[in-house]
Amino acid sequence: MRQLGKIPLGFKMAIRKDMGVYDYLFEQARARFDATTIEGKKEIADELLPVISGITNAIVKEHYLRKLSSLLNTSYESIAKELEKTQKRTPILPQMLKVQPKRSREEILEEYLISLIIQFDDPHLALEKANTILADVFSKEKAYQKLLDILTNYFQYNERFDSRKFEQLLTRGVAFYLQ
C-alpha cells in the first residue's frame, strides 16, 4: 500500500507523546524562531498570542501566558499587555461566528476522496481507479465534479502530476493552460 502523504515528524511525535495542541504550537514556534533574539521573540509572540487569546478558560489561558513569558524571558505583565493589544486588533465579529451549513455525508466523502487522489503517489492511477470503481456515483457536487474534470483534463496533457502546475491551473480555472 502506498503512503498517502508525508506527515510531519513533529506531529507524529506529538501524537505519540499525547502532547496538547497548544504545547505542540509552542514547540513549533520555538523550533522556527530564535527566542534569544528580539526578532525571534516578536515572531513567537505574534504567532502564539492570537492562539492564546482564543482560549476561553481563564486558568488555561494564564498557564500559556506564563509559559510564553518564560519562553521569551520577559515579564508576565508585558505578555498580558500584548495579549490585550492582540485582542483589540482582532475583534470577533458576528459574521465571523456564522455557523456553516451542514454538509452532506456524500459531499464530505467526495472531498476526502479527491484529496486522497491528489496526495497519492500516482494521482493519475488513483483517478483512473476511482473513476472506474465509482463511475455511477461520482460526483454529485458540481464543484467536485468540475475539479475532477480539470484533473482528468490535466492528465490528458501531462503524464506526471505537478502540484504547482495543477494549482496554477485551478487558480486560473482555464483548461488551455494545461500545456
Side-chain angles (χ1 to χ4, degrees), residues 1-33 43-44 46-57 60 64 86 90-179:
M1 186 167 177
R2 294 183 177 165
Q3 187 175 354
L4 294 177
K6 302 272 188 220
I7 297 174
L9 181 60
F11 186 70
K12 287 180 185 177
M13 291 174 63
I15 291 172
R16 282 192 204 122
K17 291 181 183 176
D18 196 26
M19 180 183 288
V21 67
Y22 299 118
D23 293 317
Y24 175 75
L25 293 173
F26 266 77
E27 289 301 318
Q28 291 300 305
R30 179 184 292 160
R32 283 197 323 277
F33 306 111
E43 291 292 331
I44 291 170
D46 287 347
E47 184 167 313
L48 294 177
L49 283 173
V51 172
I52 294 171
S53 75
I55 299 173
T56 55
N57 183 301
V60 175
Y64 284 106
T86 300
T90 57
I92 298 176
L93 303 173
Q95 59 264 36
M96 293 172 72
L97 298 176
K98 286 184 182 174
V99 177
Q100 296 293 325
K102 189 165 180 162
R103 299 182 327 163
S104 70
R105 183 172 191 271
E106 289 80 12
E107 182 180 357
I108 294 168
L109 290 173
E110 287 176 6
E111 179 179 309
Y112 185 65
L113 180 60
I114 290 171
S115 69
L116 288 176
I117 290 170
I118 291 173
Q119 294 176 47
F120 202 69
D121 285 343
D122 185 354
H124 189 207
L125 176 65
L127 178 64
E128 286 176 354
K129 286 191 183 245
N131 279 332
T132 301
I133 296 169
L134 303 170
D136 297 337
V137 294
F138 206 51
S139 162
K140 299 198 184 324
E141 294 296 321
K142 288 182 183 178
Y144 297 129
Q145 184 57 52
K146 187 170 190 154
L147 185 59
L148 287 171
D149 291 344
I150 292 172
L151 190 58
T152 300
N153 288 336
Y154 175 89
F155 285 119
Q156 287 179 352
Y157 297 100
N158 300 280
E159 225 174 276
R160 293 206 157 275
F161 185 73
D162 179 345
S163 60
R164 281 180 260 143
K165 194 174 184 180
F166 186 68
E167 178 186 9
Q168 289 173 354
L169 175 65
L170 287 177
T171 57
R172 292 181 185 137
V174 181
F176 64 82
Y177 283 102
L178 291 169
Q179 300 172 344

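Because only heavy atoms are used, hydrogens play no part in the values below, and waters and symmetry mates are left out as well, while side chains stay in. Residue indices begin at 1 and follow the sequence shown.
Closest of all the heavy-atom pairs between Asn57 and Val60 is OD1-N, 3.1 Å.
Residue Leu49 holds its CG atom at 11.0 Å from CD1 of Ile44, rounded to the nearest 0.5 Å. Rounded to the nearest 0.5 Å, atoms CG (Leu127) and NE2 (His124) are 6.5 Å apart. Interatomic distance, Arg32 CZ to Glu47 CD, rounded to the nearest 0.5 Å: 4.0 Å. Here the NZ atom belonging to Lys165 is positioned 11.5 Å from the OH atom belonging to Tyr157, to the nearest 0.5 angstrom.
Considering only heavy atoms from C-beta on, Asp23 stays 4.5 Å or farther from Glu27 through its side chain. Counting only heavy atoms from C-beta outward, the side chains of Tyr22 and Ile55 approach each other to under 4.5 Å.
Here Glu43 pairs with nothing under the salt bridge (charged side-chain N to carboxylate O under 4.0 Å, His left out) rule; sequence neighbours left out. In terms of the side chain to side chain contact (heavy atoms under 4.5 Å, CB included) criterion, residue partners of Phe161 (sequence neighbours excluded) are, by chain and number, Ile118, Pro123, Leu151, Tyr154, Phe155, Ser163, Phe166. Qualifying ring pair (Phe, Tyr, Trp, His ring centres under 6.0 Å) partners for Phe33, counting only residues two or more places apart in sequence or in other chains: none.
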